[in-house]
Amino acid sequence: NAGVTQTPKFRVLKTGQSMTLLCAQDMNHEYMYWYRQDPGMGLRLIHYSVGEGTTAKGEVPDGYNVSRLKKQNFLLGLESAAPSQTSVYFCASRRQSTDTQYFGPGTRLTVL
Amino acid sequence: EDQVTQSPEALRLQEGESSSLNCSYTVSGLRGLFWYRQDPGKGPEFLFTLYSAGEEKEKERLKATLTKKESFLHITAPKPEDSATYLCAVQVNNNDMRFGAGTRLTVKP
């Protein structure tokens with residue numbers, strides 16, 4: 001039981017490049033979330049999904065897109081990366097019946 | 001506006017020196033308050049959930065309490081392995097969780 005895993009662990013992009021971050025969970029959780037964490041600030045919600053094929057915007061969605069084609073996977077895409085998107089990105093998941101979110105190990109992204 | 005404020009930003013303790021971390025919140029409707037521990041380079045690890053004022057939860061040297069406006073994480077006789085950043089979060093609706101910036105705790109032997 002690996003829990004929540006994220007790929008890749010680190011990535012460096014140039015401004016304007018695109019990339020996709022992958023989150024996978026093996027706990028059969030219905031809900032999945034993408035957050036970003038910046039120094040001196042709390043985790044902020046980017047997008048979330050309440051089930052396969054559904055997504056919704058969070059607090060800071062601009063510049064990001066997401067997809068949930070399979071229940072166990074949640075993808076976060078950056079279409080045209082900007083230096084302001086330099087951050088650590090965390091994925092989380094939870095069961096529909098509980099409030100507790102379980103987090104992955106994070107992806108550190110640097111946009112030059 | 002929903003806000004979560006944690007204090008202090010950083011706390012240095014000697015091993016065995018008990019203390020408390022504070023999380024104050026202003027939210028329109030509290031559905032739950034969460035404490036997480038985060039080690040450097042890792043994701044947050046769940047510690048506690050509190051739902052109503054007066055509720056308390058304990059785990060080893062940690063005890064979390066909740067009032068109508070704030071939560072405290074009490075650390076009794078801390079050890080160096082308790083060094084981490086402790087995050088507080090409040091759930092304001094089904095999928096909106098607001099996090100504080102965290103308290104970075106260092107426990108020196």
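A, B, ... follow the sequence lines: proteins, then strands. Residue 1 opens every chain. Keep in mind that what you see is a predicted model, and the values were worked out from it rather than measured.
Annotation: disulfide bond (SG atoms under 2.5 Å apart) contacts involving residues 21-109 of chain B, sequence neighbours excluded, comprise B:Cys23-B:Cys88.
With side-chain heavy atoms closer than 4.5 Å counting as contact, directly or through intermediates, the hydrophobic cluster containing A:Leu112 also holds A:Val12.
The parts of A:Leu43 that come within reach of chain B are both its backbone and its side chain, each placing non-hydrogen atoms under 4.5 angstrom from that chain. With a 4.5 angstrom heavy-atom cutoff, A:Val50 touches chain B only via side-chain atoms.
Per-residue counts of heavy-atom pairs under 4.5 Å with chain A were compared for B:Ala101, B:Gly102, B:Gly43, B:Pro44; the largest is that of B:Pro44.
Evaluation of the side-chain hydrogen bond (donor to acceptor under 3.5 Å, both in side chains) rule for B:Thr106 yields no partner, not counting sequence neighbours.
For B:Lys108 and B:Glu15, the salt-bridge test fails: no basic side-chain N is under 4.0 Å from an acidic carboxylate O.
Distance check: B:Glu60 CD to B:Leu47 CG gives 10.0 Å after rounding to the nearest 0.5 Å. From B:Ser18, atom OG reaches atom CD1 of B:Ile75 across 9.0 Å, with rounding to the nearest 0.5 Å.
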A:Leu22 and A:Phe74: CA distance, side-chain angles, deciding distance, side-chain contact (heavy atoms from CB on, under 4.5 Å) verdict
CA-CA 6 Å; A:Leu22 171 64; A:Phe74 196 26; over 6 Å; no
Any donor-acceptor pairs between chain A and chain B, under 3.5 Å? If so, list them.
{"unit_1": "B:Tyr36", "atom_1": "OH", "unit_2": "A:Gln101", "atom_2": "N", "d": "3.4"}
{"unit_1": "B:Tyr36", "atom_1": "OH", "unit_2": "A:Gln101", "atom_2": "O", "d": "2.7"}
{"unit_1": "B:Gln38", "atom_1": "OE1", "unit_2": "A:Gln37", "atom_2": "NE2", "d": "3.0"}
{"unit_1": "B:Gln38", "atom_1": "NE2", "unit_2": "A:Gln37", "atom_2": "OE1", "d": "3.1"}
{"unit_1": "B:Tyr51", "atom_1": "OH", "unit_2": "A:Asp99", "atom_2": "OD2", "d": "3.0"}
{"unit_1": "B:Asn94", "atom_1": "O", "unit_2": "A:Arg94", "atom_2": "NH2", "d": "2.8"}
{"unit_1": "B:Asn94", "atom_1": "OD1", "unit_2": "A:Arg94", "atom_2": "NH2", "d": "3.3"}
{"unit_1": "B:Asn95", "atom_1": "OD1", "unit_2": "A:Tyr33", "atom_2": "OH", "d": "2.6"}

